[in-house]
Structure formats: C-alpha cells, structure tokens
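For reference, the structure is listed below as structure tokens.
Numbering of ligands and ligand atoms starts at 1, following listing order. Counting from 1, the numbers follow the sequence of the chain as shown.
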Amino acid sequence: MNDKRFYITTPIYYPSGKLHIGHAYSTVATDAMARYKRLCGYDVMFLTGTDEHGQKIESKAKEAGVTPQEFVDNIVAAPGGVLDLWKLMNISYDRFIRTTDDYHVESIQKIFRAMYDKGDIYKGAYKGKYCTPCESFWTESQLVDGKCPDCGREVHDAEEEAYFFRASKYAGRVRDLLLNTGFLEPRSRVNEMVNNFIDCEGGLQDLCVSRTSFTWGVPVDFDPGHVVYVWLDALFNYMTALGYQNDKYNDLERFWPADAHFVGKEIVRFHAIYWPAFLMSMELPLPKKVYGHGLLNFNGDKMSKSKGNVVDPHLLSERYGVDALRFFLLRSFPFGSDGNFTNELLIQTINNDLANDLGNLVSRTTAMAEKYFGGRLPEARQENPELDGSLTSLVSGLRGRYEEQMEKFQFQNALEDIFKVIQRANKYIDENAPWALAKDMDVNGPRLAAVLYNLLEAVRICTVLLTPFMPESCEKIFAQIGAEETARTWDSAAQWGVLPAAVSVTKGENLFPRIDMAKELAELDAIQEEAKKAALPAVEIEPLSQEQVDFDTFCKSDFRAVKVKDCQNVKKSDKLLKFTLDDGTGTDRQILSGIAKWYKPEELIGKTLVAIVNLPPRKMMGQESQGMLISAVHTERGEERLHLLMVDGAIPAGAKLC
Ligand code: ME8
C-alpha cells in the first residue's frame with residue numbers, strides 16, 4: 001500500500017443560500033492542493049460537504065414554508081445546487097459529508113455523551129437577551145442598536161438551560177499549540193487568536209454547546225429538548241467522515257490526523273481554539289495544520305447577498321470557462337491575505353496570462369511545428385547551448401521552485417514561477433526567429449527542429465505543473481504537444497527531453513480566446529445592476545403615519561371624482577402634465593401634476609380620477625393648478641412607482657368621495 005498519504009478538507013458549507021465565488025475560493029484551493037498531492041504520488045483523501053443544522057436554516061425553512069430537511073436538500077442536491085457547482089468546477093473531492101447524514105448524527109451523539117461522561121461537558125444556564133416574538137436568544141454583541149437583529153424589536157434578559165464545554169480547562173494547551181508549533185498558519189493569525197480569546201480578560205470562556213430554543217440540530221440523546229451546538233456538530237465532520245464513532249467508514253487509521261484544514265479567516269477561531277480543545281478532550285491526535293485563508297471582497301466591499309454584490313461562479317464559469325476562473329482565483333490573490341475581486345482584474349488576468357502568454361506560446365509552437373514539419377519533428381536536431389541555455393536552465397529548476405511554494409500553500413507564487421518560464425519561452429521564440437530559419441530549411445532545418453523541441457519541452461513541463469489548477473485545459477495541451485502519459489507525470493516534470501525526438505504535434509483549438517475588455521465590462525456591469533435590483537425588496541411601502549388627524553380636520557378635505565376632458569405635456573417640463581377636468585360644476589378645472597414619467601397624456605383622456613379640490617391654488621411653471629390628483633405610490637426593486645387613482649366611469653364627475 002502507498003505509504004504517502006494526505007488528508008485535506010474544506011470547510012463544510014452552510015446551505016442557507018446560493019454559494020458565491022468566495023465559497024468557491026476555499027474549494028478550488030483545496031482541489032488544487034489535492035490534485036497536486038495526487039500528482040506527487042500521494043494517496044489523497046479530499047473531504048468537503050455541507051453543515052446543515054442550526055437556527056438560521058430552521059427559520060429560513062419556515063419562511064419558505066418547507067421543512068428544514070427539504071430546505072437544505074434543495075440547496076445541496078437540487079439542480080444548480082452545491083453538488084452541481086462542484087461538478088461544474090471540476091472539484092475532485094473523494095468524500096462529501098452532509099451533517100444530516102444518519103451516521104454523522106449518531107457519531108455526534110456519542111461524542112457529546114463521551115465528553116459529558118468525562119465531565120468536560122456540564123449543565124448550566126446560558127444567559128443572554130431574548131426576543132419573544134422571534135423566540136430567539138441573542139448575545140449582547142449580536143444585537144443591532146440594542147434591539148433584535150431579526151425584527152428590530154425590544155429584547156429582554158433571559159436564561160436558557162444549556163450544556164457547556166469546559167474550554168477553559170484546555171486553554172493552556174491550546175495556547176501552547178498556537179504559540180509553539182506550526183499548527184496555525186499564516187503565523188500572523190496566531191497572535192490575534194491568543195490575544196483576543198485566550199490572553200484576554202477572563203481568559204478562554206467555557207463554550208455553550210447545546211440549545212433548547214430551536215429543534216433543528218442533533219438531539220442530545222440523554223436530555224430531550226436540547227440540540228447540539230452547530231459548531232461542535234460541524235467540526236467533528238472531519239473525523240466522522242473517516243469513520244470516527246461509526247461503522248460507515250473505516251479510514252481513520254489511514255487518514256487521521258488531517259494534514260491540512262483550509263478555512264476562511266473568519267472561522268479560524270473555531271478551528272484553532274475549540275477544535276483542538278474538543279480533540280484534546282476526546283484524547284485524539286490533533287490535525288497537523290489549520291490554514292486561514294483571506295476573504296475575497298468585490299470592488300473593495302464585503303460580498304453580501306443583501307448588497308446584491310455576490311459574484312456568481314456559475315455565471316463566470318459559463319462566460320470564461322471553469323479553468324480560467326479556477327486559475328484566476330489562485331493566480332491573483334495571495335492565499336493568506338484578503339483579495340479584491342474586480343471584473344477588470346479577472347479579464348486582465350485571462351487576457352495577459354492565459355491568452356497572451358500561455359495560449360500564445362502553445363498556439364505559436366504547435367502552429368510552427370505543423371507549418372514547417374507537417375506536425376512531426378525530424379530527429380536530426382542542432383542544439384545551441386548559448387542560445388538555448390537561458391531557457392533550459394530556467395525550466396530545469398522549475399519543479400523544485402514550484403514544489404517549495406506549493407508545500408507552503410503559496411499558489412500565487414507557484415504560478416508566478418511557471419509564468420516566468422512561459423514568458424521566457426515566448427521571448428525565446430522571438431530571439432530564435434523560427435520564421436527566419438525556415439527560409440532555408442536545407443541549412444537550418446535541424447536548428448529549427450531543436451528550437452521547436454525545446455519549446456515543446458518547456459510547454460510540457462509547465463503544463464504538468466499547471467494540471468492541479470487547470471485540469472481540462474492541460475489535458476488539451478498535452479494532446480496538442482503529443483505528450484503521452486509518461487510525459488505528464490511528476491517525475492517527468494524534473495526531466496528534460498522526455499518527449500520523443502520525433503514527437504507528433506497537432507495544432508488544436510484556441511484554448512484561451514482574448515476577451516474584449518470594454519465590451520465585456522459593460523455586459524458584466526449590466527448583469528451586476530440587474531442583480532443589485534433583484535436584491536432590493538420587491539415592494540416597499542412608506543410606513544404608516546404615527547401622527548393622528550382629528551375627524552373634523554379630515555372631513556374638511558374635499559375629494560371629488562373628476563373626468564379628464566383634456567391632458568397635455570407642459571412645455572419645458574419633463575415632469576408635468578396639465579389636465580383640463582370636468583368637476584361637475586360646469587366650469588373646467590385645471591390641475592397640474594408631476595406624473596409625466598408614468599403616463600402619456602392621451603392615455604388619460606376620458607378617464608375618471610380622484611382630486612382634492614379645496615387646496616389653495618398654486619402656480620407651477622407659470623400656470624395655475626387648482627387642486628391635486630390622488631395617486632398611489634410605492635417603491636419596487638428600488639424604483640419609484642405611481643398609479644393614478646381611477647374610479648369607475650359610472651361615477652359622475654363631481655361626485656363627492658368620503
Ligand atoms: O463557515 N471569500 O460555512 P460558510 C473567501 N459552515 N472565502 C469565503 C468568503 C469570501 N468572500 N465567504 C465565505 C461556514 N467564504 C461553516 C464551516 S467547518 C466545520 C464549518 C468561505 O458556508 C468561509 O470563510 O459560511 C468558509 O471557509 C467557507 O467559505 C464556508 O463558509
């Protein structure tokens with residue numbers, strides 16, 4: 001059996017809505033790492049999944065009028081859901097766990113009981129704020145302006161019976177783990193964790209690990225009414241998915257402890273403090289590393305559904321191809337820091353790196369091999385150490401440099417090393433001017449063959465190393481440059497001259513077409529605008545007035561049915577319409593109304609409207625308005641809407657409305 005093993009995980013996603021590009025970021029990075037390790041010959045276990053319990057899911061399901069299980073099934077397994085997205089993005093996970101899977105639920109119950117039996121979980125009271133209408137507990141810090149973050153109403157002090165985990169007991173060991181080992185990376189996150197949560201006033205607090213105010217969770221089997229806190233439930237997925245406390249799988253011995261948990265920086269706290277403390281309590285080996293990657297913002301702003309600025313990985317994959325998107329995510333942002341996603345950066349990266357550098361190199365090389373040698377290089381080659389050395393020496397150290405960066409999860413640097421070679425190879429074409437050599441094939445044929453062979457070798461080695469990032473495109477490149485299986489391996493990436501001397505080359509499709517930046521940006525902006533609008537409330541109405549009006553005052557307002565005899569636009573005004581109205585008195589009444597945005601004059605002639613007729617007359621654009629037409633106003637997806645109040649034509653002009 002292969003004794004090189006590697007276990008890597010992504011966070012398991014909270015299926016409360018559609019996944020966005022930030023979610024895809026963790027998973028694409030984990031996938032690249034898993035593929036890299038497989039390339040290096042490791043037996044890899046790559047785990048991902050979904051974290052399906054908790055109050056938020058319960059209330060979202062309620063809003064949607066479905067059961068929580070139906071709600072999560074719809075997001076995880078339905079078309080366009082999480083499983084589909086990972087398939088689309090070529091995520092090569094080996095196992096997918098859902099925390100609602102029976103085996104996981106049973107395992108969590110056993111773990112909870114074991115911690116309780118050991119005395120590490122005890123019963124106490126959870127003190128917090130309570131919102132009665134929402135039946136929700138909140139901590140002080142969750143409140144918005146001291147009010148319920150869900151409904152905005154007053155909250156009051158309350159206590160809920162709850163189980164607590166003795167995190168405080170493990171504070172010293174966790175502190176030591178963080179400060180004195182390489183457990184948490186990047187190192188910059190270590191001090192933040194220690195200072196804020198362990199060395200803070202009061203030290204590391206015990207953690208509330210059960211709730212009674214909702215039911216969508218793993219039930220505590222020895223105390224009905226309690227469900228297990230969602231983070232305890234979720235974190236243990238990394239072990240239950242290997243068979244810990246269940247018979248479903250039997251991979252613990254082989255894969256635990258995990259080699260790396262990739263997680264976004266905002267959930268480092270759970271992975272770097274509570275997760276090791278739980279494992280210490282269960283006397284289990286600790287994972288080797290937690291890596292807290294940065295978050296992606298959009299145009300400098302946090303991505304959020306309510307702002308309508310979440311970037312949709314389905315849409316981008318469709319427009320640019322999955323590989324281009326995967327590549328962009330890992331090429332453009334250093335993994336440990338936050339990144340600012342912009343459409344310009346995306347298109348620029350695709351155009352510069354993929355279309356200009358890599359795409360050009362592959363298409364120029366294969367096109368020349370076809371043009372000058374009919375696709376098959378002659379074996380007679382004439383090397384020129386002076387001219388070839390700068391390319392071959394750069395290529396020969398590439399695998400080592402790449403490996404060093406990949407082992408540190410520095411994907412951006414690993415790609416940078418590859419692209420230095422690609423750029424060098426493009427320069428090598430210009431320096432050697434194959435088109436000039438081709439003018440006299442009798443003399444220069446062997447030299448030209450050497451130039452093209454060297455280029456193919458450079459492309460091959462870069463492609464082997466790019467495979468974890470762009471698996472499909474690399475397959476296509478291998479096919480174009482005639483690289484068989486043996487020329488696609490990790491070992492072959494450290495060897496020069498693996499392609500056969502008489503290699504066969506076929507120029508294929510253009511792998512990365514250039515994108516017209518201006519046109520594309522305009523289209524993306526339009527899509528973005530639509531998304532923003534869609535995120536706004538469908539209908540917004542003005543809150544009801546709190547101020548009361550006494551009956552007599554109200555009765556003074558004289559509302560009448562008025563029939564439109566004529567209606568015209570007012571010169572020099574794009575807002576006003578001028579109405580000539582029959583108000584039943586026999587004398588025409590003129591009213592001006594700022595509704596030109598919503599109505600064309602001819603639509604209104606003959607209609608019966610409602611007007612208040614005893615307002616003092618006022619001048620608008622030099623013309624007198626004798627009253628006001630009544631209309632209904634509201635906002636729809638951020639846009640103001642107006643409808644004139646129209647009444648049945650059977651109501652005679654002048655009829656009083658009261
Ligand atoms: O946190 N940029 O689930 P989740 C980069 N269920 N990464 C982002 C991101 C962004 N804008 N937004 C989210 C959870 N992520 C828990 C995990 S693990 C036992 C339980 C990342 O769906 C986020 O940091 O809210 C996290 O790593 C992952 O997406 C899942 O987030």
Closest by any non-hydrogen atom to atom 3 (O) of ligand 1: pick that one out of Phe262, Tyr25, Tyr14. Tyr14
Show which atoms of ligand 1 fall inside a sub-4.0 Å distance from at least one heavy-atom site of Asp51. 6 (N), 16 (C), 20 (C)
min-distance protein heavy atom vs atom 29 (O) of ligand 1 -> His23 CD2, 3.4 Å
Close side-chain approach of Glu140 to Lys129, heavy-atom, < 4.5 Å: yes
Quick test: of every protein heavy atom, which one is nearest to atom 2 (N) of ligand 1, and how far off is it to 0.1 Å? Leu296 N, 2.8 Å
Partner of Phe333 under ring pair (Phe, Tyr, Trp, His ring centres under 6.0 Å), chosen from Phe328, Phe411, Phe327: Phe328
Would a line drawn from the ring center of His226 to the ring center of Tyr163 be shorter than 6.0 Å? yes
Between Val268 and Leu184, is there a side-chain heavy-atom distance shorter than 4.5 Å? yes
Check each of Phe341, Phe270, Phe298, Tyr238 against atom 19 (C) of ligand 1 and report the one with the nearest heavy atom. Tyr238
Taking only heavy atoms of Trp231, which atoms of ligand 1 are found under 4.0 Å from at least one of them? 16 (C), 17 (C), 18 (S), 19 (C), 20 (C)
Ligand 1 atoms in contact with Tyr13 (distance to a heavy atom under 4.0 Å): 22 (O), 28 (C), 29 (O), 30 (C)
What protein heavy atom is closest to atom 21 (C) of ligand 1, reported as residue, atom name and distance in Å? Ser26 OG, 3.9 Å
Asn191: which of Asn196, Asp199, Leu179 passes side-chain contact (heavy atoms from CB on, under 4.5 Å): Leu179
Yes or no: does Lys302 have any heavy atom under 4.0 Å from an atom of ligand 1? no
Is the closest basic N to carboxylate O distance between Asp51 and Arg98 below 4.0 Å? no
among protein heavy atoms, the one nearest atom 12 (N) of ligand 1 is His20 CE1, 3.4 Å
Do the non-hydrogen side-chain atoms of Val263 and Tyr291 ever get within less than 4.5 Å of each other? no
Tell me whether Asn237 has any N or O atom under 3.5 angstrom from an N or O of ligand 1. no
Can you check whether Phe6 reaches Asp43 side chain to side chain, under 4.5 Å on heavy atoms? no
Looking at ligand 1, does any of its N/O atoms fall within less than 3.5 Å of an N/O of Gly264? yes
Taking distance alone, with no angle check, do Gly22 and ligand 1 share an N/O pair under 3.5 Å? yes
Atom 16 (C) of ligand 1 has as its nearest protein heavy atom Ile12 O, 3.4 Å
Apply side chain to side chain contact (heavy atoms under 4.5 Å, CB included) to residues Glu407 and Tyr36 and explain how you reach the verdict. CA-CA 10 Å; Glu407 291 297 326; Tyr36 157 73; 2.7 Å; yes
Under 4.0 Å, heavy-atom basis, I'd like to know which part of Lys265 is in contact with ligand 1: side chain, backbone, both or neither. neither
Which of the atoms of ligand 1 are close to Ile267, meaning less than 4.0 Å from one of its heavy atoms? 1 (O), 17 (C), 26 (C), 27 (O)
Does His104 form a side chain to side chain contact (heavy atoms under 4.5 Å, CB included) with Gln245? I'd like the steps, not just the answer. CA-CA 9 Å; His104 174 79; Gln245 303 282 2; over 6 Å; no
Could you tell me, atom by atom, which parts of ligand 1 come under 4.0 Å of a heavy atom of Ala234? 19 (C)
Side chain, backbone, both or neither: the part of Leu295 lying under 4.0 Å from ligand 1 by heavy atom: both
To check your reading of the model: name the closest protein heavy atom to atom 23 (C) of ligand 1, its residue, and the distance in Å. Glu266 OE2, 3.3 Å
Under 4.0 Å from a heavy atom of His271: which atoms of ligand 1 are those, numbered in the order shown and with their elements? 18 (S), 19 (C)
Can you tell which part of His293 has a heavy atom less than 4.0 Å from ligand 1: side chain, backbone, both or neither? side chain
Check whether Thr181 reaches the backbone of Phe183 with its side chain - one donor and one acceptor, N or O, closer than 3.5 Å. yes
Examine ligand 1 and decide if any of its atoms is less than 4.0 Å from a heavy atom belonging to Gly294. yes
Let's go through Asp176 and Arg173 carefully: what are the C-alpha distance in whole Å and the side-chain angles of both, what is the deciding distance for side chain to side chain contact (heavy atoms under 4.5 Å, CB included) to 0.1 Å, and is it a yes or a no? CA-CA 5 Å; Asp176 183 52; Arg173 280 177 66 193; 5.6 Å; no
Do the ring planes of Trp231 and Phe270 sit parallel (below 30°), tilted (30 to 60°) or perpendicular (above 60°)? parallel
